[in-house]
Amino acid sequence: MRKHVAAISLLAFVLFISSTAYPNDSSADFSLSKNNEGFSLSKTYEVTFSSLELNSAKLREAMLSSQDTRKTESIQAEIKHLKKRKTTNLIATTVLVASSAFLMNSFINYEEGSRESQEGGTQEVEGGASNTSFGRGILLGASVLCVVISVVLVSDTFKKSKAIKQYKKELEALAEAQGR
């Protein structure tokens, strides 16, 4: 069955290609327009190079304008990417500062653990001082870590702002150079 499908597909392809090779044949006229003859193997074609003469100044100007256009597009894409990263950094900094404040509040208001006995009273947990200092240490460490990461993100945001300003200056310089 596969051989038959392959043979039929090959035959259809050959007929499709050969029908446009001889458009003057009235039995195989599949063109949309009667006036458009298209390519024919029965005709000979001449290629003239007079239409391909290049002016070096125009070619140089076209190449420079295409390079400037590509450079402008890449700078605009980089500015867009930096703005997105700057916004992400600001959101992450806000979340980290809020979580640091929550952890610091938990550190300040940390209560020693107590355990209820079976008689219904409370009694102090043995070794509670070490558990308390460890719990408080974790809260303090997490709070400080959040603050440090926030500071790093804020400094990165300032760097991205400076880079955006430099890219905008470069875009203005390219616009002036193109307008010369």
Side-chain angles (χ1 to χ4, degrees), residues 2 5-6 9-10 12-13 16-17 20 30-33 36 38-39 47 49-115 125 127-180:
R2 289 183 185 175
V5 170
S9 298
L10 183 62
F13 178 74
F16 179 74
I17 296 298
T20 58
F30 294 107
S31 64
L32 298 174
S33 171
N36 185 11
F39 178 76
V47 178
F49 291 105
S50 62
S51 62
L52 298 177
E53 292 178 12
L54 298 176
N55 185 355
S56 63
K58 288 182 181 180
L59 179 63
R60 185 174 148 259
E61 182 179 323
M63 288 177 62
L64 288 176
S65 68
S66 68
Q67 288 176 352
D68 289 343
T69 303
R70 279 188 259 132
K71 190 171 184 177
T72 302
E73 289 173 356
S74 68
I75 290 174
Q76 288 174 345
E78 186 66 26
I79 288 174
K80 186 177 179 181
H81 175 71
L82 287 174
K83 284 183 178 180
K84 189 183 293 185
R85 292 292 306 260
K86 181 180 165 185
T87 304
T88 304
N89 284 351
L90 290 175
I91 291 170
T93 301
T94 304
V95 168
L96 285 171
V97 167
S99 62
S100 175
F102 174 75
L103 290 171
M104 189 59 75
N105 185 26
S106 297
F107 170 74
I108 292 170
N109 297 325
Y110 192 81
E111 295 181 10
E112 291 185 19
S114 59
R115 186 180 298 163
V125 179
S130 65
N131 288 340
T132 301
S133 64
F134 183 70
R136 289 181 70 141
I138 288 178
L139 289 175
L140 181 63
S143 177
V144 169
L145 182 66
C146 287
V147 170
V148 168
I149 293 173
S150 297
V151 168
V152 169
L153 287 176
V154 167
S155 67
D156 188 48
T157 301
F158 286 131
K159 287 179 185 176
K160 289 190 185 337
S161 295
K162 287 180 183 178
I164 289 171
K165 287 179 185 177
Q166 289 176 349
Y167 281 134
K168 285 184 178 180
K169 287 180 183 177
E170 193 173 336
L171 275 177
E172 290 173 0
L174 281 174
E176 289 176 7
Q178 287 178 353
R180 49 185 149 126

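Owing to the predicted nature of the structure, the values given are computational and were not obtained by experimental measurement.
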Find the distance between [atom1] ([X]) and [atom2] ([Y]) and round it off to the nearest 0.5 Å.
| X | Y | atom1 | atom2 | value |
| --- | --- | --- | --- | --- |
| Glu176 | Leu171 | CD | CG | 11.5 Å |
| Ser155 | Lys160 | OG | NZ | 10.0 Å |
| Leu153 | Thr157 | CG | OG1 | 6.5 Å |
| Arg136 | Ile108 | CZ | CD1 | 8.5 Å |
| Gln76 | Leu174 | CD | CG | 10.0 Å |

I'd like to know if the side chain of Ser100 reaches the main chain of Leu96, judged simply by a donor and an acceptor atom lying under 3.5 Å from each other, with no hydrogens or angles considered.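 No, Ser100 side chain to Leu96 backbone: no donor-acceptor pair under 3.5 Å.
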Does Ser143 reach the main-chain N or O of Leu139 with its side chain, forming a donor-acceptor pair under 3.5 Å? no
Would the number of heavy atoms belonging to other residues, nucleotides or ligands and lying under 6.0 Å from OH of Tyr167 be above 12? no
Name the one of Ile91, Asn89, Leu90 that satisfies side chain to side chain contact (heavy atoms under 4.5 Å, CB included) with Thr87?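 With Thr87 as partner, Ile91, Asn89, Leu90 yield a single side chain to side chain contact (heavy atoms under 4.5 Å, CB included), made by Ile91.
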Testing Gln166, Arg70, Lys80, Glu170 one by one against Ile75 for a side chain to side chain contact (heavy atoms under 4.5 Å, CB included), which residue passes?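 So the option named by the test is Glu170.
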Decide side chain to side chain contact (heavy atoms under 4.5 Å, CB included) for Leu140 and Met104; before the verdict, give the C-alpha distance in whole Å, the side-chain angles of both, and the deciding distance to 0.1 Å. CA-CA 6 Å; Leu140 181 63; Met104 189 59 75; 4.0 Å; yes
